[in-house]
Amino acid sequence: MTSAVDEARLQAQFEATVAHKDRIEPRDWMPEAYRKTVVRQVAQHAHSEIIGMQPEGDWIGRAPSLRRKAILLAKVQDEAGHGLYLYSATETLGVSRDELTERLITGAQKYSSIFNYPTLSYADVGTIGWLVDGAAICNQVPLCRTSYGPYGRAMIRICKEESFHQRQGYELLMTMMRGTDEQRAMVQESVDRFWWPSLMMFGPPDDASPNTAQSMAWGIKTHTNDELRQRFVDMTVPQAVALWVTLPDPELRWNEERGAHDFGQPDWDEFWSVVKGDGPCNAQRIAHRKKAWDDGAWVREAAMAFADKQSSQSEEATA
Ligand code: FAQ
């Protein structure tokens, strides 16, 4: 039982660690609200990686060459790995992967809105790499310095792989743009569909983001949603020019005074409707995940039975 004095000392220690930009580690004392916020964000991130396997996974069987298939398979497997690092980070805060999967399947926890849009053409594989992984990198590189140690360390590995993902997407689109008129039209059509949902990945505007202020004070987030969205637009515009595609925003232009691009706002009503479960693929994504989780139950049970047997055998041997 911690006394009020102890609690105040622990709180001061926690705040000093955050102020020095040192890491909070699993065994350190932390306010309950901090623990809950880290679990919420990391779990949502983990779910995004796992659900994010589905839209691209749809194209593994239809990739146009062995090389493209091998690249796509590797990328989708990487996303599974990212999900596992992140679920492991939440386990250090006392929440199991089973519990989190239950929260995902029942709709109690969210995952990134972007994965509720369908992949209608093969160009979408390239566009996801370029724009979706590009947005993920902008958002996640700063998270390598997040205050919770296991999350920050997972992000370092994840970001290295996301950079490869982004480049493979860009290279795929570049190859299509050097191809036929039909291929160029496919790329443009795909970019038109994914541009606005990619901007939504950064979350609501700062004045409509209930969590940003507290998460920044705790060092969980190091930039606001709007700051990162701006960084993404500024990074992507020259890449679009080099690719010879048009970004579908009539308000997009360089602002000399700000030294940054001005751009239009995504449809925030659409964003909230997708977040609340009414996007084009929400039901399909969750049904698929639930089926995979149910189908895998026997594997988890067998692994647990094997682990129990191993530990009782080693107990007998040491008795
Ligand atoms: N979708 O107050 P805020 C990837 C929710 S990358 C759905 O601003 P916060 C890689 C938010 O949770 C994608 N929900 O919240 C990949 C909150 O609701 P809650 C994943 C969203 O947390 C690439 C409410 O709205 N990346 O998977 C979204 O401070 C290709 C209010 O929002 C991450 O998760 C959204 N877009 O800031 C995989 C990065 N935006 O929870 C496969 C880590 C907001 O209170 C293929 N996460 N909401 O009920 C973050 O940086 C933050 O959590 C934000 C949101 C910036 C996403």
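All ligand and atom numbering here is 1-based and tracks the order in the structure. Because only heavy atoms are used, hydrogens play no part in the values below, and waters and symmetry mates are left out as well, while side chains stay in. Since the model is a prediction, treat every value here as computed from it, not as a measurement.
Taking a 4.0 Å cut-off on heavy atoms, Q140 registers as neighbouring ligand 1. Ligand 1 has no atom lying under 4.0 Å from any heavy atom of H82.
Salt-bridge check for K75 with D133: passed, with a basic side-chain N closer than 4.0 Å to an acidic carboxylate O. Ion pair E91/R97 not flagged as a salt bridge, since none of the NZ, NE, NH1 or NH2 atoms sits closer than 4.0 Å to an Asp/Glu carboxylate oxygen.
Interface atoms of ligand 1 facing S48, defined by a heavy-atom separation under 4.0 Å, are 13 (C), 20 (C), 27 (O). Ligand 1 places these atoms under 4.0 Å from at least one heavy atom of N225: 8 (O), 56 (C). Close approach of ligand 1 to K75 is summarised as follows: ligand atoms under 4.0 Å from at least one heavy atom of the residue are 30 (C), 46 (C).
In this structure, R167 forms no cation-pi arrangement with W130, as its terminal cationic atom is not both closer than 6.0 Å to the ring centre and no more than 45° off the ring axis.
For V274, no heavy-atom contact with ligand 1 is shorter than 4.0 Å. At a heavy-atom cutoff of 4.0 Å, ligand 1 is contacted by the side chain of K221 but not by its backbone. Proximity of E56 to ligand 1, defined as any heavy-atom pair under 4.0 Å, is confined to the side chain (atoms from C-beta onward).
Using bins of under 30°, 30° to 60° and over 60° for the plane-to-plane angle, the ring pair Y87/H47 lands in the tilted bin.
Note: an N/O pair closer than 3.5 Å links N139 and ligand 1 by distance alone. The shortest N or O to N or O distance between S209 and ligand 1 is below 3.5 Å. Where the criterion is an N or O separation shorter than 3.5 Å, residue side chain and backbone included, R40 meets it with respect to ligand 1. Close N/O approach between M200 and ligand 1 is found [any backbone or side-chain N/O within under 3.5 Å].
At the shortest separation from atom 5 (C) of ligand 1 among protein heavy atoms lies K110 CD, 3.9 Å. Residue, atom and distance of the protein heavy atom nearest to atom 50 (C) of ligand 1 are Q41 NE2, 3.6 Å. From the protein, the heavy atom lying nearest to atom 57 (C) of ligand 1 is M201 O, 3.9 Å.
When S198, G203, P204 are ranked by how near their heavy atoms come to atom 32 (O) of ligand 1, first place goes to P204. Of the candidates E79, H45, Q44, H45 brings a heavy atom nearest to atom 26 (N) of ligand 1. Closest to atom 35 (C) of ligand 1 by heavy atom, among P142, G83, S113, G57, is S113.
Under the 4.0 Å distance rule, the nearest protein heavy atom to atom 54 (C) of ligand 1 falls outside the cut-off.
Counting only N and O atoms by type, the side chains of Y85 and R157 include a donor and acceptor under 3.5 Å apart.
With rounding to the nearest 0.5 angstrom, the CZ atom of F202 is 10.0 Å from the OG atom of S112.
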L100 and Q109: CA distance, side-chain angles, deciding distance, side-chain contact (heavy atoms from CB on, under 4.5 Å) verdict = CA-CA 8 Å; L100 294 178; Q109 272 182 344; 3.7 Å; yes

